[in-house]
Structures are given as C-alpha cells and as structure tokens.
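Structure, as structure tokens:
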Amino acid sequence: MFAILQGPCVLRGEVGSRAVLRRSMCIRVFNLVWIHRARHIRQCRLLLRTTSASARRGPRADLPHYLLHASTILHAADASIISDRLRFALTFALGKLGATSDCGRAKGRSGGMIAELLRASEAQGLSASEQDYYVSGIRAGVRVDGRSLLDVRDLMVETGVLPSAAGSARVHFGETDVLVGVHTVIGDETEGQGHRVPRTLGEALNFQIQIPGALSRDSRDGANVAMMLQQRLEAVFNALDEKALHFEQRILVQPNRMWWQFSIQVLVLRTRGLASLLDASAAALRAALRSTQVPRLHLLPEDEDALPKILLDEKSGMSPQLLDAKLTPMTLTLCQVGGILIADPDAFEELCADAFIQVAMDKAGRVCGLFVSSNEHGIEPTSIVAAVKAAREVCVGWLESVDLILDEDLKELENLFVPRSSHTGFLHTR
Amino acid sequence: MAASESRVARAHVARLEHVSGTGSYAGPGTLLLGKRRYEGGSEEPHDLVLPGNDLFADGTYVRGHGTHVRNGRLVSSQAGTVLTVNRLVTVRPFRSRYVPEVGDVVVGRVLQVAGKRWLVDINAVQEASLLLSAITLPLGEQRKRTYEDELNMRAFFAEGDPISAEVQEIRSDASIALHTRSNKFGALRNGVLLQVSPSLIARAKKHYVRLSLGVSAILGTNGYIWLSPHDLETAQNEDKTKKAGSRSDAPLSEERYITPLSVGPEAHLRVARARNAILLLNARSIPIDPVSISLVCEECARQGVDVKDMTRREVASRIADTVQTQLSAASHLAERPLRA
Amino acid sequence: MATTATAPNAAGVHWHAEDGDVVFPGDVLMTIPESEGLVVRVGRGVTRRGSKAREHADSHEMVALYAGTVRVDAGRNKVWVDCDHAKRYMPSVDDLVVGVVADRFADGYRVDIGGAETALLGALEFQGATKRNRPSLKVGDVVYARVTVAHRMMEPEISCILPGSNKSWLSGESELGPLQSEATSMFVDVSLGYARYLLTLTNGDAMDSLNSAGDTRSVISLLSQKLNFELAVGVNGRVWIRTNDPQHTILIALTVQNAQHLRIPQQIELAQRAIATL
Amino acid sequence: MAPQRTRWGAAGAEPAVDAAGLRMDGRRPSEIRVMRCVVGEGTFSPFGMGDDAHGPTGSAYVEQGRTAVLATVYGPRERASSSSALPGSTGALVNCEFAITALNVGGAASAGSSYTKADRRSSEMAASIKAAFETVIVGDGLQRSQIDVFVHVLQSDGGQLAAAINATSLALMNAGIPLLDVVCACTVGVVDAYYLADVTALEMRFHGAVLTVASTPSEHKIVLLELESKLPNQDTLDNALSVAQAGCQEVYHAIDDAMHAYFAAVHRAHAPIRA
Amino acid sequence: MAVSREFVQGALEKGVRCDGRHLNAARHCEIEFGPQQGSAMVRMGGSIACASVNVEAVAPYADRPREGMFAASVDVSPGSCLWAATDVVAARELGIDMSRKLERLLRSARVLNNEDLVVVAGKLVWQVRVEVMILEVDGNVLDVAALVSVAALKYAKRPDVSIRGESIVLHALEEREAVYLPVNHTPYIVTFALFARTALPVAAHSSKRASLLVLVDPTEDEERLCDAQLSVSMNAFGEICGLSKAGGLAIDKENVMLCTSLAADRVRHLDGLFKHAWELANNGAPSKPQFNVRPSQVCIFPSKVPNIMSVPSASKRPRSERQVAPQAPKHADVIQGMDAEAQPPGIQPSAEAKNLSEKFGMADVQAELPKAAPATSVLQSTKTRKASGSEASNMIDKDSTGSSSSGDDLTKAIIKTKGKKKVKR
C-alpha cells in the first residue's frame, strides 16, 4: 500500500494549486488500489468531494492528489476532453506507480463486486459452455436477449408510493424491482444519539438497505450485497456538494446545530445480479429525493445557546416545498466480457464478465463516481474511458426522460393541497 | 451508435403505473370490499377455489393433488382451478414449484457433486439426485462403475452444467431420482437456459423440438427450457450443432473444454427471438409449445417488432392478445373445469 | 475419607480402604505388588493409577474413580466402588441398557443411553437379523441392548444380540431388541444404584451386599402380584414399563420411581397403597 | 414527521365513537378499514422475466387503511443444511423475518430507530407469524424443504400483525403452497364498551385493550390470539372475540376478491393445459 | 420420564396424565417470601424460580418527568434442565422471550403504576427492577416466573423519603422503617396445554367441540408434545390482563372461553396460596431459612391435587401434617440432604389414599389379574447376566490398561455366587 500511496503524493504541489485556482472545487482519488505489474487497474474509485468537506475529513485528507488533473478534466463538459484527460491522468498515475514497482501483492484478490457475484451466483452458476455461448454472442454483437452491445433495458419509475414517507419511488429495471422511501427528520446534536453535523451530503443521508434473502439461500449474502450497495450510494452522494439537494432552508437549518436528516429506506423487492441492483437503486433514490417534500419551518431563536424552537405555520406546513434534486446523479453499470464492453449486463452476463465499471453521472454529464472492479486480469485504462463515454450517452438520456416524467408527476403533486397520504398509496394507479 | 443509444435510452424510460405488471389487475378500486371488477377479465373465473373451500361433500371422489379431506368432505388446499378427471379431483394452483412425475423429461442444472451422485436443481421442492449408476458412461454399454469413474465424476457433469434427464422415480420422502440412460439425455452446451412457469409446459410426446425458426429447443416439463441454434444452411454445421444441442452420449472430460463452434450473429439472433417469444408467453401465462412460440414469432415478424423490443411490455401485450385469440380459436379441446 | 488401616492380606495386597468406607476420586484403595498369581478383581469405579507411584515403584496403585462407598467382598479379592445416587451413566461392557434412538443413518443407529455420548447400534446387531430383513427403528424408539464396547477413548457401542441365545427378533421373543408398542409403554429415570438394585431384585433373592435391606418382598414383586406388566431395567438408570393400560403403566412407573428414595418398609407400604387403588 | 405530529396532536381529546355512532375515521365500530390487496407483487416483473427459480415464489401486498405490509415467500426449497430442524420433523420448515421499514403514521419513532432487525418486537412478530402458519401448511410432499417468509411493514397505522398475517397467507397462496385453510387476522380494540374492529394507531391511544385474532374463515377456529391489555371480564372477551371473528370474515372476503382479481388478470383466457 | 405422544394421548383419553394428575389438576405449588425483603421463591411441581427486586432512586427521563421506571428480566439458569445445559443459546432466548411476556403482563395489569413511583416530579423517581432466575425447568415456567415476580414485588420495600425544602432525604433503614412498594394488583398467568383427540393436525379442523383436551399446569413433556398452548393472565378480580396463543392447533371460541373460566378458578386458588404465604411472611411465622431444592420425583404421586374447583384455602396444607412424613433412607440423606421438612407431603396416609382414589377412581378396578408370570423380560435380563457373568473376568497385570470396563464382571460374579447360594439353599 505504501508503494501505491507514494507515487501520487509527489504530484500534490504542482498541478494541485492550479486546479484549485481554476475552480473552488478540487477532486481527489481515494485508494487507487490493486495495480499490478502489467500496470492494469484492478480497482479504482473516484470520489469527488469539495475541499472544504475533505479538509475536515481528517486523516483521509492527505490521500493521493494526482487526479487533480481529473478535477479539471471531469468538469469539462465535453466528453472527448473527459476521455483524453482521464486517460492522461490514469496513465500518468500508472507511470508513477509503475516506477515504484511490486504493487502486485494483491494478486488473486478480486474486486468486491466479483466476490459478491461469485457468492451470489453459487446457487445457479453458469457452466463453461454457456459462458462460451454468451461470449460468442457478444463477440458477434448480439446479446442473448437480442440487445446490441450498448443497449440498456427499460427503466420504469413510479413516485409517491409510500404515503407516509416524505418522498418515495419505485423502480423496475432489468431483473431488479426496488422501492425507496425518504423520511425527513430534524437532527440536532443535543439528542446525543451519536448524531453529528453532516459534513458531506452523504452524511446527511442515512441508508437502511434491505434485501430479503433474494440473492441466495441464506440472507447473509443479501446483507453483504446491501453493505456494498450502501457504500457505493454513499460514495456517490459524498461526491456531490450541498447544492445538489436544494430547497429553501439549507440542509443545515442552523450551522453546526440543527440540520435535515434524510433517512432513506431501500427495499429491494426482487433482484438478481448486482449491476441492475445499483443502477435501479440509484434511479429510485433520485426519483424519491426529487419527490420529497420538506415542510417549511419557522425558527424561533431564543437565547443563543439554546436550540431554536421549530414552528411550522399552518399554510406552508400544509404545502411543503419540493426538494430540488435535479443535480443528483444516476448510475450505469458496464462490464467487459471477453474484452468487449457491454452496457447494463443482465444476471448471466455478469457471470461471464471479467471487469465491471460503474459510472455515476449527473445531468450535466459529469462523473460523480466511478467504481471499477475486475478479476485478476485487470482492465485497460482506455476501456475505462470508453465506458465513461458510453455511460455518458445513456445516463444523460435517462436523466432527461426521467425528469420529463417526474416533472409531470410532481407538478400535479405540488398543487395538491392535502399531503400525499390521500393517495391510494403503494402501487397506486391513477 | 451512440446517438441510437441515447434515443433508445430516452424512449425506454416509462412511468410505471401505466405498465406495471400488477397494475393490470390491481386497477383503481379493483379490490375494494364488496364490489368486484375485473379489468379485461373476459369471463368471471368461477372455477377458482381457495384453501379450505369445500369441493365435494360425498366421498365418492378420489383426492388428488391440492386437496385434503376434512371430516369426510373433500376440501381444497390450494388456490387454483378445480380439475376432475373422471373420479380424481385435483386443484391446480396458479403457479407452483414443479411437481415431478415419473417419466418427465426435465432440464436441470447441476448444483453439487456429492459422493456417487449429482444434486440437480430442477425447480422442484427438493433437489433431484442423479446417481452415478444412472448415467451412461462414455463407452456406452453397461460396464461396471469403477472407482475411477467415481473420482472423475466432474468429467461427466460439473457444477453449473445444464443437463437434460428423465425422472426415474419419486421416493416416499418426496426425493427425486433422475437418470440419463438414453442417448438423447446428457449435458447440454452451446445454448441458453431459461426458466418459465412449469404449469405452462404440458406433458407432451415430444419435448425435443425443432422450432421453425432454426432453433432446437428442449421444453423441460419442469419449466426449464434449453435453446440452442441449429443451422439450416450447412449440413456440416447442422450435425455439429445437433451434436451440441442434444448430445447423444455423456461428455468426456476433455470434451467439456472444447471451444464451441462460433455461431454467427444471425444464429444468435434466432435464439434470442425464440427466447424472447417464450418469455413473452410466460409473462402472459400462455401455454408454451412450438405452435404458440412460432405464432408469436410470426406475429412479431408481421408487426415488424425488433427482437430486443419483444419483451417490452406494451409490445408484449399487443402481440400476446392477438396470439391468444388465434390460440383460443384453435384449441377447442379445453375440458371445462368442474365447479365447486 | 480413605481409611488409614493398611492390612496386608495373604496375597500381599496392601489395602488402604475397607469395605464401607467412603472414598473420593483419586483415593488409593490398595497397592498390588508385581508378583505373579495375584488375582484381584476390580469393579466399577476402580482404576489403576496411570503412572507408577513414586513410593511404590514396584507396584500398582488402585484408585477410586468417583466418590462413593468402597465395597470389598469377604474373600478380599473383589473390590469396587458404589455410587448409588449417581445419575450419569458410565457405560461398561455387558451392561444392559435401555436406550432411545436419537438418529438413524445408513447402516445403523445412534442411541442415547444416558451416557456422556450416544452409543452406536449397528443395523444388523439384532438377533437373527439379515441384510434382507432387519428391524427398522424410528427416531425415538426404545431399545433394550447390551453394551459391547466401552472405552474411555471410544464411542460406546451396543448390540441387541445375546451370546448363547437364538431367539429371533422377528418372533418378538428375543431378550434384547426394540421395546415395542410405545402407545402403552414409558420409561422413567431412576438413580443408577436403584436400577442395579432392581435388577438384582429380579433374581428373586435380596442382595444384602448391595443393599442393606433384608426384605425379600420388593415393589416390583408386589405390583406383579396384582398387575400384569412387562418391565425392563437398564443399568443406565432407566426402567421401561409396559402394560395394556396407560393408567397402570403410570401407576407402576410412579411407584417404582418414587420408591427409590424410600426405605424398604416404606417402599412396601407405597406399593401396597398403589395396589390398593386398583 | 413534524406535520403529522401537529395533525395527530390533539386527537386524544375526541371520543372513540361520536354521537352518530361513527368512529373518528367515519367507520362504524364493527367495520374494518378498506383493504387493498395486490397478489404476486414483486414476483411478476413487467418484463416477463416472471418465474425464475431465483426470485420469490409468491408475494402479496396488503393495505389496510394506512397500514401497508408486503410479504414475500421464497421456496419451498431444499432445506439449507445449516438449518437446525428436528430430525423427525415432517413437512416444511418455516422461517419468517419481520422488518418494520417505515415510520409509524403516528410519527412516534424516528425513522432511524424504527427499523432494527434484531428488534424484540419484530422477532416476536416473526415468531408468531411462523407459529401461525406452521400448522396450517400441509406438510406432505414438502419433506426436507424450507419456506422463507419475509414480511415488511411499509407503513404502520395499527394492526401490523394482523395485516402481516393476511399478507402472508395471500403470498403463500400465490406461491402455490398447500394450506389446510386460509388464515385471516383482525384486531379489535375495546374502548369503554365499544368494540372497534381493526383499530388504527390513533384509536390505540385511548388505552383500550387491543385483541389480535387470527382465525380460519371456513370453520371460525382461532389460530392465533393476542391480548396485551386488560379486559374487565369474560363477557367482554366473548364479545370481542366474536367481533374479531366477524372482522376476519370481512378480511376473508377481501382476500377472496384479491385472489379472484389475480386469477382474472393473470390467467385471463388461460387455455387449460391438456393433462 | 420419557413418554411418547401416543402414550400421552392414550392416557389423556382415560383422564390421567403422565404424572398421575387429572387433566385440570395443578401440581403442588409453594410460594415463599424472603429470605430478604424483595426476594421470593416459587416452586410449582418440579419448576422452581426465584426473583429479587431492587429499587433505586434515579433521575427520571427528560421526556417523562412524572413517571418512574420499571423493568423485568428473566434468566434461565443453564443448570435448570438438560436442554438448557446443552443448548445455552436456546435457554437465553427462552429467558428473553419470557422477560418480554412478563414485562408486558406486569405493565398491562398495572402491577406498578409508573406514576406512583415518583418522589419529586422531574427530579427523583424510583427505578424498580425485578430479576427472575429460573432454577429448575419442569414445564409451565412462565406461570412460575410471573408468580414469583409478583411475589417479589409485593414483598419489596423502598427506603422512606422525606422532603425538607429543597432537599430530598432517603432515610436509612435503621432511621426509618422502609415502606412497601405500591403494588396494587397481583396478576397470575395460567398456561394450558391443548391436545387434539387425534394426533393429526387435520383434526384441528374437525368441528367436534369435545375434540380438545385442556391440561392445566403442563409438565415439560406435555409442553413438548402438545398441539398448542394458551396462556391466560388474569388478576384476582377475574380481569383478563392478557391472552396469548401463538399458532398451533386451531381452536374454537368456546374453548378459549372454557380456558379463561378454568383460569379464573386456578387464579382464585393461586391467590389463596399467595395470600396465605403473605400472611405467613408477615405474621413473623418463620419462613424457611434456606430453601432446599427438592428433586421433583421425591414426592410420591404429585402431592395433594388441589381440586381447583374447591375453595383455595382448603388446598393449602398446614405444616403440622408434614411431620408425619417418614424418614428418608440413609443414602437419600447423603444424596439430597433431605430433611423431614422437605419430605413430600403426599405420603401421609389420609391425603395419599384420597389422592390415589381420586386419581384412579375411574380406572376399572377389575383389570384382569396377571395370568403370566410377572416381568417377563426382567427374568430374561437376569438370565443374561448369568450367561455373560460366566465369562472370564480380566486380571490385573502390568500391561492391563484402565480397567473401567472390568467393573461389571464383578457384579456379575456376585450375582453368580448368589445364584450358587440359592442353589445350595
């Protein structure tokens, strides 16, 4: 690990300052791990985080900076620039790392995703011959369900499914059917249940993810997958800045004392394979956030040290404001099968995959998170770039059309005077 | 390419309540107390019984699956439709696990190699077991099972291998024994396995079928279906795929790792079409047999539906309805289920 | 405590304990010099100390295994330790035990005989059982069997075959084997000593060396005058009873079970009262 | 949630049943809440990838007033070797997991604390659901198999256990698992001489007794019974039981309708299989 | 004692239970307050539990300033029975489950009103914790736990308090007499084991009303074998404080009502016992110094069956009768250290006779007299011993390993000699 950290650290001075000057946001890459001699990336994560946030992050703040390049890169709107700069950044990092050799210690340890997959698929593994068939199909450009390589399956969104929740959504995507409910609570530090002022957006959300033994005989595996899913969602939201969830009061109702805590329940009704799981959950989460209503508060500050009283006046309390979450991202999973990149693999294609690239992309087409995991053969940086490019196409398209639908829904939502509990509820069909 | 994707992506995001699988039968106010309304339910399903419903008062009926006797009365223990085959009364549930019968042709997947036997998943309540003594060994004839055979059982079937077999016996503790003692059974390769509701696949004479669109299929009674391309063009391809599709003898160890013949894109497309057709039928719970499959494919061809769009719901419903009408027109031999 | 009186007898055995002494585990009962022709039969609860003791480099020390009363017969060539109140059964060869089938597998059963670990019962270990026809026991069935292997290190094994008997299990008249018809039979747990006492009682004469009561009339004999029952006593402290009527079974079971804490006259009284209820 | 707190705040003052003999939500005392059931929810994805052996075999969503419960059933499948079942046990082994995923409508608990799998209450619920169905499931043919039931309370407004039981029996029926009888459950609140069928969380605040009864509709037998507070005498219990059983009948009608609707939708023009 | 389902069924059909009781007869029950304040011990048949209460003055919760705190917890000691010893986890779970039920009972029955536990609102309240330890498990443990916890609470005292201006003074015991906790109700739990007349669960759905056997105060075996359990909790005024039947056999409403009415009688009886014990404890009657655990099988037939239809006080036996009990045998002394006190009350003639007649009254007396010789298989067993006794017994020599296996040869040898003697006679 030391060897890995060492290389990048050299970079901190030179580019960093410039990038930070460029815009107030700098970007860091945390734990670029498992790079072996072939200089292929085994697994890397891009987490974007505002400097202010990461500065308070403490120990993690001095992690490698070399993708300060990426900061400028990833903010550039143009995809081609993205690819160039990203490639540059990666190869540069690789060069640095290659210089300090023997980072290949971790050979044989595969990425978390693969491990999960293997465990999940033990019940119904794919035989060698079937894998051959899948691969040959992909080589021929025709996937088993007739899609071409970069086609994605349908995505279906429904909002306002949980009347009692502040916001909720349900998404069908591939084999996955996931339900997300958002509850808003005012958190303050006096409660002392370990509640801390959120420093990043991810901290303002706390997830509860449930996967009822869907993945395997015993629900423990479900728990593992849930863990992974939560980590990735949190990572994505940590990357966003506060403005991504925008409404009248800020998330911090009172700086360092009271804030909105969004507790998010993700209930996976059915799933199979993990690619569609993350994508569907992210989509559902975004839809749920977008449909979330936050009551308007009036704060009566008493003396300074005591917490202010919370009032909600009748009128506005009855017509809460909608959370503006347009800037939150959606994710797309791509995987590499026999050296060929396919988008949105289904459960069986996952089993044939030798690398996964999960890209979180927001409406402006900026990468908000990138998770790469592969088997021991590693993955070419170029294909990461290609993946990001492809993901950009799909995600932007998705986001636009999802927003079209949501806007309609939410319009009629907003001019409903009564809170949404009057709806028929979950699975309501108007 | 990229442009098309974005189009695709944009086109395919839809609002759920219009298309949700449940929406069609959980319409607004459909299930409120008292009033009962069925969307599109053409005929009121009278022959539906729930567990605990009395079927027959007199004991003159033989109790079959899905029924039990409660103080002298025959009572349903399933939610489903009542069928009476002259004294035998059975209740067939909507959907259930596969209930094996001796002689069924099943497609399964090897889960585990245990001592002297394989455990096979055939979508039944229990894992079926395939004894080493119940397969034909490489050198066909009934030679003694040697210790070597026991050692390299994985050479015959390894974990995850899809196989086709026949149900040999069902023991008292409901455990299932398979056998592959015929040259049509054995390991399957160079194709795809898909799963449908077992209730949709009738027990027929032929479960190894050649679909008109150049795909050979094994319709397992247990709802597992094996599809493999089978080319019409070249005879050379022909027999190779046939060999691959439904192998005559059990595989040899080295044979398992032969890279399969690379089938061309159009072959893949054919299989994909068949697959989607079957899934479409399954989604609309229409019985799956060569006729219905080819009907769907023709219908798609007529309406010019792209293969990858076949499972899209609105398309599916459109096609399924026409196919259903054609089918119901065709099949008059639907015995009227008996009323409770 | 172990007595101090060490009276070397003719055989040269140094006795450290007398008949009737109460000893604790590890108490030395006697030391036997290594000279030929010395035959001392040691019974249950007596073992040889593993390593040779220092002070008697040329002799074996026999020590008590558990707390109890030392029994030495008149001839001073048999010694054992009685622990009548014990409930935990330690299997030893040729014990007759009443066991419950705890688990069944391909070629045998696992039987709970109340010991530290379950005993093995081979599927063919029945009188006249062949591979073709052999009894098939369910989990929970009760068997009357004989301990064939009992060793510190090994899982005990039991068998329903009786040397010198040739009654087949099929005819149902074999001494050992499954105890049938659980519909009207039950068994009760008693202390090991009491079980032994019952066993010896069924000899028809009193065992004054085992129990200090000289009364030949016993609970069982009394009951058997009035009731028609079948009863099997296992040394492992289990008494299996069967009559035609569950009420009688219960009556007998409770009488036998409760009698173990009473003196003989009280036992008799108890039995008589029990009979009186019929 | 804050607004809800304000909405419910003053509720305690009002009487359980007003002069017109109506309850706070306008029901008659013996009337149960509107019940919506959706059968096969989640097992039946709109993309036709319906029955894979991997997904749930059956599931149902039940909404009684503002209490919403989702039950999914996996199996019957080969019993996991780890599961410790009695060697002699015949029939299927039923596992149940119960999770409260939503805020109570009353807004009492904070969302953070409301869901813990190890929560005592949840485990108790799971235990009673398991117990309620173990004897009802017909065992023959299901040897060495296990059935996993997952119950999620999406919102709770009183009568969680009852709704959970109803959802479970629907899900089991959907999964085609043989049952001796349907199990319907209903709660009854006894508030000063009123017997309120299917009480809401709000009505529970009157500190009346709440009786949960699960019974078999065809024979009016009581499978499960839970009373957690004080009833003055046996007559009250008698009345409460009969009200509850009447409620169970109502529930059964709803369940029956749900299954019919499911049948109508899924097996519309289902050509019978040539046997 | 090991019985099969069939046997129990058969016996119950004839109206007898495996320990010779009636269906609706409870086992002998003893309640003891003390030794110290706030502790109690209850024995019901073979099941024994003790409880202790501790009371602390603490600051109340911020959100509930005028409520005291109350909690109950039950532990099942691993030594309480065989399965508890082998499967500790199950024992703990049983404890957790029971503590939940117990707490719910005590709350719903309003044994302690949290409002009564306030010293000064918002400043100081009493925190009452009752801890129950199950010492012996022989069925019906929940009833025992409930009984003992209520007893302990009843007997518990808290230091007296006086408020001087701002300051609150908790008086030491020597300064002022401690006062009892405000226990205003004494609820009891009565658990029934329900047996269908036929073992098949299908019978659950047969419509015969008489198809159910209701057993009060079930033993371990009965709990294991029964089709369903129903526990009714009720206080002395016949108010039903709780009901719980978790699944199992489906029963009719009438059966529930039957159980509650049976429970009412049983509760009346228990309340009688409770009051009697309470008087004993308060009238300075020397409550037993040390409670010596008595193995259940000591009592010959379950001690006097309290006919729960009769008035409760009649069924509590005055101590004097106990002295009639005969001495235990010597080895029994050594073993259980039993004293006359601990002797089962069942033995003295009157009660005994009454008992048995009660118990076997309905048994047909003309059960035909024994035709065959008694105890056939026993004779056989003796034969065996003779047979195998004649085998060579091992000698001690250098290389003879541990002779644990040689033990029985000796007894056999003795038997053999006896046999010889007999021959000589």
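Scope of the values below: all heavy atoms of this structure, side chains included, with no hydrogens, waters or symmetry mates. Just so it is clear: chains get the letters A, B, ... in the order the sequence lines come, proteins before strands, and each one is counted from 1.
- In this structure, E:Ser108 contributes its side chain and D:Ser229 its backbone to no donor-acceptor pair below 3.5 Å.
- Atoms CD and OG, on E:Glu93 and D:Ser123 in that order, are 9.0 Å from each other to the nearest 0.5 Å.
- The backbone N or O of E:Ile240 sits nowhere less than 3.5 Å from a side-chain atom of D:Lys230 that would complete a donor-acceptor pair.
- In this structure, the separation between CD on D:Gln234 and CE on E:Met234 is 5.0 Å, given to the nearest 0.5 Å.
- Atoms CE and CG, from E:Met257 and D:Asp235 in turn, are 7.0 Å apart once rounded to the nearest 0.5 Å.
- Within the 4.5 angstrom heavy-atom criterion, no atom of E:Leu105 approaches chain D.
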Apply side chain to side chain contact (heavy atoms under 4.5 Å, CB included) to the pair E:Val256 and D:Asp238, showing each step before the final yes or no. CA-CA 9 Å; E:Val256 178; D:Asp238 201 338; over 6 Å; no
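- Counting heavy-atom pairs closer than 4.5 Å to chain D, the top-ranked of the candidates E:Lys101, E:Arg100, E:Arg110 is E:Arg100.
- Residue E:Ser233: no heavy atom, backbone or side chain, is found under 4.5 Å from chain D.
- In this structure, D:Gln245 CD and E:Asp252 CG are separated by 8.5 Å, a value rounded to the nearest 0.5 Å.
- Heavy-atom distances place the side chain of E:Asn235, and not its backbone, under 4.5 Å from chain D.
- Neither the backbone nor the side chain of D:Ser215 has a heavy atom closer than 4.5 Å to any heavy atom of chain E.
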